Amino acid sequence: MTALRHLLRAAPTLLGIGLAEVVAYRAEFFIWILTTNLPLVNLVLWRAVAADGPVGRFGQPEFTAYFLGALVVRLITGSWVIWQLNFDIRNGTLAARLLRPMHPLLAYAAQHLAAIPMRILVVSPIVAILFATGGEAAHLSDPSTLAAFLLSLAGGWLLVFLAMVLIGTLAIWVESALSLYEMWFAIHVVLSGYLFPIELLPAAVRPVAQVLPFWFTLGLPVEILVGLHDRASLWQDIARQWLWVAAFWTAAALLWRAGQRRLVAYGG
Amino acid sequence: MAADSRSRRYARLLGVQVRISLTSAMQYRAEFLLGSLIALSMLAVTVMPMVVVFGRRAMLAGWSAPEALVVVGLFALLKAILDGAVSPSLIAVVEHVRNGTLDFLLLKPADAQFLVSTARFEPWRVVDLLGSLGLLVFAFARLGRWPSPGQLATGAALLAVAVLVLYSLWVLVICVSFWSVKVDNLSYLFNSIFDFARWPISVFPVPVRLLFTFVFPLFLMTTSPAMALLGRLGPATAAGALGGGLAFAALARFAWTRALGHYTSASS
């Protein structure tokens with residue numbers, strides 16, 4: 001219980017520090033925003049594909065709305081903890097973090113959450129453009145859909161963060177955790193709906209994509225946001241998303257504990 | 001006579017640098033294996049967007065499926081060279097500048113740009129290279145015709161220019177690091193812009209096409225060698241591409257010497 005009390009007392013300060021960091025390193029922050037340009041490439045590409053007719057149920061306006069939505073969700077749910085973990089583990093600075101009364105992973109999480117207000121600021125004009133160019137906004141005024149969207153966004157953020165924690169913790173054993181993350185990201189790009197809506201996957205691959213965690217990190221929130229999600233199975237999908245969150249959380253906790261034992265055994 | 005012995009000396013130096021990288025990489029054989037496996041799966045992921053697009057359409061902006069596959073194959077080839085030979089060395093320069101150890105490189109009796117560019121190689125990217133060559137062979141097999149010797153020669157020359165332009169772009173980014181030490185983000189930005197090169201340039205609208213021909217010469221990198229191999233490139237465009245690439249390399253060399261001139265070492 002004292003750990004929780006520590007956390008609650010430290011939270012405002014940590015969030016304040018995180019926010020100050022983002023403001024101080026504004027240039028870096030904006031460059032990170034600019035690196036998320038893949039949805040815009042895909043927007044142009046798929047509009048070219050749909051020039052002479054819709055692809056499935058996606059015509060040019062649907063693709064525009066979808067990829068602007070993907071940009072929004074990606075910017076809000078993005079994490080960078082894998083690089084922090086990799087650096088701290090390889091350079092031994094994790095030992096300093098472990099000495100603090102707060103769990104290192106919670107400290108990383110606080111830093112990430114602190115950056116979200118700035119990201120929402122950056123994302124707002126994109127959302128405005130999305131709904132101005134004809135994306136459906138009506139469905140979001142329904143409180144249950146809005147709640148579902150916010151829940152799916154939170155779930156997506158957690159899945160991305162926890163996946164990075166899982167792969168980053170492997171840096172305690174493996175030299176090239178970053179290469180593993182590269183591979184994870186490459187698969188994620190294909191199966192999550194980032195590169196194209198997963199409806200467009202070949203029929204053999206589609207059921208696999210709907211079960212794996214990748215779609216729940218991005219595709220689900222995007223489809224709810226732009227009104228392309230089938231309302232009937234909405235809460236089932238949210239439940240499945242949070243089931244994956246629970247699975248990742250447990251795995252991360254177990255892996256971290258195993259990692260601590262190894263760190264201690266080798267003298268930090 | 002002097003020039004001949006100089007180039008032999010630099011060739012021997014290159015051999016030494018490559019051997020050092022190779023032996024230090026082979027120390028971690030498991031990493032080598034893991035890297036090779038990752039390379040193969042990444043190749044599948046690189047091709048997936050193409051599979052989805054051409055599952056729905058026969059032509060994309062005037063390019064058929066095998067023709068677009070040639071562009072993707074060249075993209076994978078360039079990415080292998082970029083990630084294996086260009087980026088690792090040049091990223092090391094940023095560390096040198098930050099730690100002040102660039103002075104040790106500058107004291108050595110060989111050209112600084114050469115030493116800096118050949119410092120580190122990632123040998124397991126050879127798997128990437130072989131995979132992309134396999135992709136190219138597959139594409140031409142599907143096309144049903146092979147490039148003539150003249151087309152092959154032009155394509156190879158343009159590919160060499162593409163590598164030169166890629167390297168020059170990196171050198172320009174590194175020159176920035178002499179002034180503003182934090183360029184790690186710029187490398188990610190660079191990679192994310194390079195990702196546009198997997199598609200033939202005619203997919204993009206005209207203003208974007210102009211951007212990618214004259215500002216970020218992505219057209220030079222994948223579309224023009226592909227067009228040469230497919231016999232779609234006129235001699236004027238080929239000459240322009242070659243000349244432009246060489247001019248760009250000269251610009252990068254000039255920028256490097258100027259940046260080095262402004263470099264004040266770590267110990268004042």
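Reminder, nothing fancy here: chain letters follow the sequence lines and each chain counts from 1. In this text, all values refer to a predicted model and were calculated from it rather than measured experimentally.
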Output field: ring centroids A:Tyr66/A:Phe196 closer than 6.0 Å: no
Centroid separation B:Phe204 to B:Trp199 less than 6.0 Å: no
Where does [X] contact chain B at under 4.5 Å (heavy atoms): side chain, backbone, both or neither?
| X | value |
| --- | --- |
| A:Leu45 | both |
| A:Val49 | both |
| A:Trp184 | neither |
| A:Leu38 | side chain |

Exceeds 12 heavy-atom contacts within 6.0 angstrom, atom CZ of B:Arg142: no
Do you know which of [options] has the most heavy-atom pairs under 4.5 Å to chain B?
| options | result |
| --- | --- |
| A:Leu201, A:Thr36, A:Leu195 | A:Leu195 |
| A:Val205, A:Leu34, A:Asn37 | A:Asn37 |
| A:Ala48, A:Gly56, A:Ser179 | A:Ser179 |

Which atom of A:Ala177 lies closest to which atom of A:Asn86, heavy atoms considered: CB-OD1, 4.2 Å
Distance-only polar pair, side chains of A:Thr64 and A:Arg47, donor-acceptor under 3.5 Å: yes
Criterion ring-ring contact (aromatic ring centres under 6.0 Å, His included) on A:Phe161 and A:Phe248, from CA distance to verdict: CA-CA 10 Å; A:Phe161 186 81; A:Phe248 273 38; over 10 Å; no
